[in-house]
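The structure appears right after this line, and notes come after that.
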Amino acid sequence: MRKQNKLLLSILFFNATVLLHCSPSDRRPEGSQRAEMRFDQYYVQGKRLYLTHCANCHGQEGEGLQQLNPPLAQSDYLLSNIEETVCIINKGLEGEIEVNGVKFSQPMPPHTDLRILEIAEIITYITNSWDASSGIFSARRVEQVYNNCK
Ligand code: HEC
């Protein structure tokens, strides 16, 4: 056998051994796999909804639009009080706010057509994109805030 072939064979054998020894118990526990799938589902749906309902004003990459619409990417306003975003989406927002040191005062219209789950998916998307990673924002968490919005 040529030297090269021998080397190939031993690499194949090594890989097969490694694969055989990875029994299911070596993988992540069932619970966290399910949580990961749920996160992915929220994130993918959230992105779709974001592009339909929010990107017009806040930009495809959450970059905002000059002095008119504040950014969501790395927004200190958003990331320091994620819960409030439930109310901002559902009720809109008026009055001056400051985002990353810049003042904004155009009103944001309410999005009363978005359901609890959809709001959760959008928030999950915008708080886990553009270098943020806040984890899933569940529909249950939206529900807890939703009815107490002023
Ligand atoms: C018609 C344009 C418009 C649309 C559509 C819109 N927004 Fe806004 N949004 C604004 C403006 C303007 C403000 C600032 C409001 C103020 O100054 O009081 C704002 C503020 C915010 C803030 C708080 C400030 C910040 O930058 O962190 C969040 C969070 C937010 N919007 C999320 C969303 C999400 C999520 C959607 C989609 C469901 C959305 N917005 C759709 C215009 C818009």
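Every number for a ligand or one of its atoms is a count from 1 in the order of the listing.
A donor-acceptor distance shorter than 3.5 angstrom exists from the side chain of Asn128 to the backbone of Ser134, with no hydrogens or angles considered. A distance-only check finds a donor-acceptor pair linking the side chain of Asp76 to the backbone of Asn100 [under 3.5 Å]. Judged by distance alone, with hydrogens and angles left aside, the side-chain atoms of Tyr43 form no donor-acceptor pair with the main-chain N or O of Ser129 at under 3.5 Å.
Listed by atom number, the atoms of ligand 1 under 4.0 Å from Ser105 heavy atoms are 17 (O). Using a 4.0 Å cut-off to heavy atoms of His53, the atoms of ligand 1 that qualify are 5 (C), 37 (C), 41 (C). For ligand 1, the atoms closer than 4.0 angstrom to any heavy atom of Gly95 are 16 (C), 17 (O), 18 (O). Below 4.0 Å from some heavy atom of Phe104 lie the following atoms of ligand 1, by number and element: 17 (O). Within ligand 1, counting atoms from 1 as listed, the ones closer than 4.0 Å to a heavy atom of Pro107 are 12 (C).
Across Asn100, Leu78, Thr52, Ile97, heavy-atom proximity to atom 24 (C) of ligand 1 is greatest for Ile97.
Ile119 pairs in a side-chain contact (heavy atoms from CB on, under 4.5 Å) with only one of the listed residues (Thr85, Ile88, Leu114, Leu49), which is Leu114.
Glu143 and Arg140 are not joined by a salt bridge, as no carboxylate oxygen comes within less than 4.0 angstrom of a charged side-chain nitrogen.
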Working note: Glu84 + Tyr77, criterion side chain to side chain contact (heavy atoms under 4.5 Å, CB included); need CA distance, chi angles, decisive distance, verdict. CA-CA 10 Å; Glu84 192 197 339; Tyr77 190 102; 3.1 Å; yes
His111 vs Asn90, test: side chain to side chain contact (heavy atoms under 4.5 Å, CB included). Steps then yes/no. CA-CA 5 Å; His111 289 74; Asn90 186 35; over 6 Å; no
Check against side chain to side chain donor-acceptor pair (under 3.5 Å), Arg48 and Gln45: CA-CA 5 Å; Arg48 186 180 60 79; Gln45 289 299 324; 2.8 Å; yes
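Contact annotation for Gln106 and ligand 1: heavy atoms of both the backbone and the side chain come within less than 4.0 Å of the ligand. When heavy-atom distances to ligand 1 are checked against a 4.0 Å cut-off, Ile122 comes that close only through its side chain, counted from C-beta outward. At a 4.0 Å heavy-atom cut-off, ligand 1 touches Pro109 through the side chain alone.
Among all non-hydrogen protein atoms, the one lying nearest atom 26 (O) of ligand 1 is Pro71 O, 2.7 Å. The shortest contact between atom 23 (C) of ligand 1 and any protein heavy atom is with Tyr77 CD2, 3.6 Å. Atom 27 (O) of ligand 1 has as its closest protein heavy atom Ser75 OG, 2.7 Å.
For atom 8 (Fe) of ligand 1, the count of nearby protein N/O/S atoms, taking only those under 2.8 Å, is 2.
Using a 4.0 Å heavy-atom cutoff, Leu68 is listed among the residues neighbouring ligand 1.
Residues Gln106 and Cys57 fail the side-chain proximity criterion, which asks for heavy atoms closer than 4.5 Å. Looking at Leu78 and Val99, their side chains never come closer than 4.5 Å, going by heavy atoms from C-beta outward.
Considering all non-hydrogen atoms of both residues, Leu51 and Gln60 come closest at CD2-OE1, 3.9 Å.
Using a 30° and 60° split on the angle between ring planes, Tyr50 and Tyr125 fall in the tilted class, from 30° to 60°.
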